[in-house]
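The block underneath contains the structure these notes are about, expressed in structure tokens.
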Amino acid sequence: MSGRWVLHVDLDEFLAAVEVLRHPELAGRPVVVGGRGDPTERAVVATASYAAREHGIRSGMPLRTAAKRCPDVVFLPADNPAYEAVSAQVMDVLRGLDGVVVEVMGWDEAFLGVQTDDVAAFARHVQEAVHAATGLRSTVGIGDNLLRAKIATGFGKPRGVFVLTAQNWMEVMGHRPTRALWGIGVRTERTLAERGLRTVADLAAADPAALAADLGPAMGPHFVQLGRGIGREHVDPTPWVPRSHGRETTFQTDLGDWDAVRGEVAALARRVAGEIAAGGTGAGGISGAGRPARRVGVTVRFVPFTTRTRSATLPGPTTDPDALAAAALEVLERFPSRRAVRLLGVRAEF
DNA sequence: TCTGGGGTCCTAGGACCC
DNA sequence: TCTGGGGTCCTAGGACCC
């Protein structure tokens, strides 16, 4: 076979693997990275090593629960700058491959566009290049578009290679629940099931116009396309331009004093202003240095877990900390409740 | 399972304007 | 004056992903 291919490269147990690289004695042990590494705190699992997953530990699970599932798990604090640095190294390796176009999707994954006669051999070559340069293992999904390549990765985990194209799409995916599709979560799965659409094959055979009426003019037909495995075919290497930047904090103890709430919102706003003025977060920074905010949004999670957002367009674009803090405080005043708060967030939109 | 933090995109209703 | 239609912006919320 020859022609253009899409590869989805996904690093295995990325955060845990980075920690094992610098703590080799942890190899093979149940390792959980998340929060400040303290399982008594309000925090969740960012990444669990495969050994930890054998005990039923999963991403998004409270650290406290992980500790109950496996008492001898090693908890480590998330060290985002370290992961960003390793990620940048991996992306450089990918960009250095001959004849590839790279679209970065996150710290631990990227799409590659390539023309080759032996795509399976090329995938192995990618895995070896990443491992040689960084010591990290990866899985490669191969497809005739980004959707199929991304889904293929799931069948290749860990360390494997899997091919998913129009040829084997229905054979591999047709009988699976719609949730197996990238872009369909629990809610949409349920909504579709209420309409009798339970499997990927059901969805593929559905009438796009009927779903448009039920699920929205864009999303309805889009879901049918997902069921058919149809998606974007060209990998786009254009650097990402962020649409927004924000910070949020969950308090270890609920905040009942609204003077304190105002103080926290102002502090978050100043921090966000500083970061967007500097051009982003972390070692490498993000593109769009110094771009001013046009809108500001405030998130309040009330006790126990009800989350509300308010936002406002700023009088003029700004990166000024005082202006952003003042605007965020005005938005905060528009929340009708003064109940105790568990989380606060401030987000700047460009 | 008492539930993080960083994002993106879509939808719908109302305001507002011509 | 009892009432159209289109376009765009603003805002809140939902859903999803890593």
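All heavy atoms count here, side chains included; hydrogens, waters and symmetry mates do not.
- Under 4.0 angstrom from either OP1 or OP2 of B:dT3 there lies no side-chain N or O belonging to A:Thr250.
- For the pair A:Arg295 and C:dC10, the criterion of a side-chain N or O lying under 4.0 Å from OP1 or OP2 is not met.
- A:Gly35 comes within 4.0 angstrom of nothing in the nucleic acid, heavy atoms only.
- With B:dC9, B:dC10, C:dG13 as the candidates, the nucleotide lying closest to the side chain of A:Arg243 is B:dC9.
- In the region residues 192-216 of chain A, proximity to DNA chain B at under 4.0 angstrom, judged on heavy atoms, holds for A:Gly216.
- Rounded to whole Å, the distance from CE on A:Met105 to P on C:dC17 is 11 Å.
- Closest approach to the A:Ser311 side chain among C:dC17, B:dT11, C:dT11 is made by C:dT11 (side chain taken as heavy atoms from C-beta onward).
- Contacts of A:Arg58 with the nucleic acid, taken as non-hydrogen atoms under 4.0 Å apart, are absent.
- In this entry the distance linking CD1 of A:Ile151 with C1' of C:dC17 reads 13 Å, nearest Å.
- Applying the 4.0 Å criterion to OP1 and OP2 of B:dT3, one finds that A:Arg64 has a side-chain N or O inside that range.
- Rounded to whole angstrom, the span from the CG atom of A:Asp12 across to the P atom of C:dC18 amounts to 15 Å.
- Distances shorter than 4.0 Å separate none of the side-chain N or O atoms of A:Arg342 from OP1 or OP2 on B:dG5.
- In this structure, CD of A:Glu349 is placed 11 Å from P of C:dA12, rounded to the nearest angstrom.
- Of the candidates C:dA15, C:dT11, B:dT3, the closest approach to any side-chain atom of A:Arg334 belongs to C:dT11.
- Here A:Arg271 pairs with A:Glu275 in a salt bridge; the nearest charged N to carboxylate O distance falls below 4.0 Å.
- Closest contact between the side chain of A:Arg310 and the listed nucleotides C:dA12, C:dT11, B:dT8 involves C:dA12.
- Comparing atom distances between the A:Arg308 side chain and each of B:dG5, C:dG13, B:dT3 picks out C:dG13 as nearest.
- Results of the side chain to side chain contact (heavy atoms under 4.5 Å, CB included) test with A:Tyr83 over A:Thr47, A:Val33, A:Asp108 single out A:Val33 as the only residue that passes.
- As a whole-Å value, the separation of A:Trp107 CH2 from B:dG7 P is 11 Å.
- A:Val186 comes within contact range of the sugar-phosphate backbone alone, with a heavy-atom separation under 4.0 Å but no base atom that close.
- Ring-to-base geometry does not place A:Trp182 in a stacked arrangement with C:dC17 (centre distance under 5.5 Å, plane angle under 30° required).
- Looking at A:Glu41 and A:Arg64, no side-chain N of the basic residue comes within less than 4.0 Å of a carboxylate O on the acidic one, giving no salt bridge.
- Using a 4.0 Å heavy-atom distance criterion, A:Arg36 is classed as making no nucleic acid contact.
- The pair A:Asp202-A:Arg198 fails the salt-bridge criterion, with no side-chain N (NZ, NE, NH1 or NH2) lying under 4.0 Å from an Asp/Glu carboxylate O.
- Both A:Gly246 and A:Arg301 lie close to DNA chain B; mapped to their nearest nucleotides by heavy-atom distance, the more 5′-ward contact belongs to A:Arg301.
- Under the side chain to side chain contact (heavy atoms under 4.5 Å, CB included) rule, A:Val300 has a single partner from A:Thr307, A:Leu332, A:Leu343, which is A:Leu332.
- A:Leu226 has its CG atom 13 Å from the C1' atom of C:dC17, to the nearest Å.
- Within the nucleic acid shown, A:Ala46 has no heavy atom closer than 4.0 Å to any nucleic acid atom.
- Across all strands shown, A:Met61 has no heavy atoms under 4.0 Å from either base or sugar-phosphate atoms.
- Distance noted for atom P between C:dC17 and B:dT3: 23 Å (whole Å).
- Residue-level contact check: A:Leu15 touches neither bases nor backbone, having no heavy atom under 4.0 Å from any strand.
- Residues A:Arg262 and A:Glu333 are paired through a salt bridge, judged by an N-O separation under 4.0 Å between the basic side chain and the carboxylate.
- Minimum heavy-atom separation, A:Trp5 to A:Gly3: CD1-O, 3.3 Å.
- Nearest to the side-chain atoms of A:Lys150 among the listed nucleotides C:dC18, B:dT8, C:dC10 stands C:dC18.
- Side chain of A:Thr65, nearest nucleotide from B:dC2, C:dA15, C:dC17: B:dC2.
- As a whole-Å value, the separation of A:His245 NE2 from B:dG5 C1' is 11 Å.
- The pair A:Asp79-A:Arg22 meets the salt-bridge criterion, since a charged nitrogen lies less than 4.0 angstrom from a carboxylate oxygen.
- Proximity note for A:Arg247 (side chain, C-beta onward) versus C:dT11, B:dG6, C:dC17: the nearest is B:dG6.
- Among the nucleotides C:dT11, B:dT3, C:dC16, the one closest to any side-chain atom of A:Thr188 is C:dC16.
- Here the options are A:Arg137, A:Lys157, A:Arg53, the test is salt bridge (Lys or Arg N to Asp or Glu O under 4.0 Å), and the partner is A:Asp12; only A:Lys157 passes.
- Under the 4.5 Å side-chain criterion, counting only non-hydrogen atoms from C-beta, A:Phe223 is in contact with A:Met219.
- The residue A:Ser59 sits apart from the nucleic acid: no heavy atom pair falls under 4.0 Å.
- Rounding to whole angstrom units, CG of residue A:Leu63 and P of B:dT3 are separated by 9 Å.
- Listed candidates were B:dC10, B:dT3, C:dT11. Nearest to the side chain of A:Pro62 is B:dT3.
- B:dA15 and C:dT8 make up a base pair, with Watson-Crick or G-U wobble contacts both under 3.5 Å.
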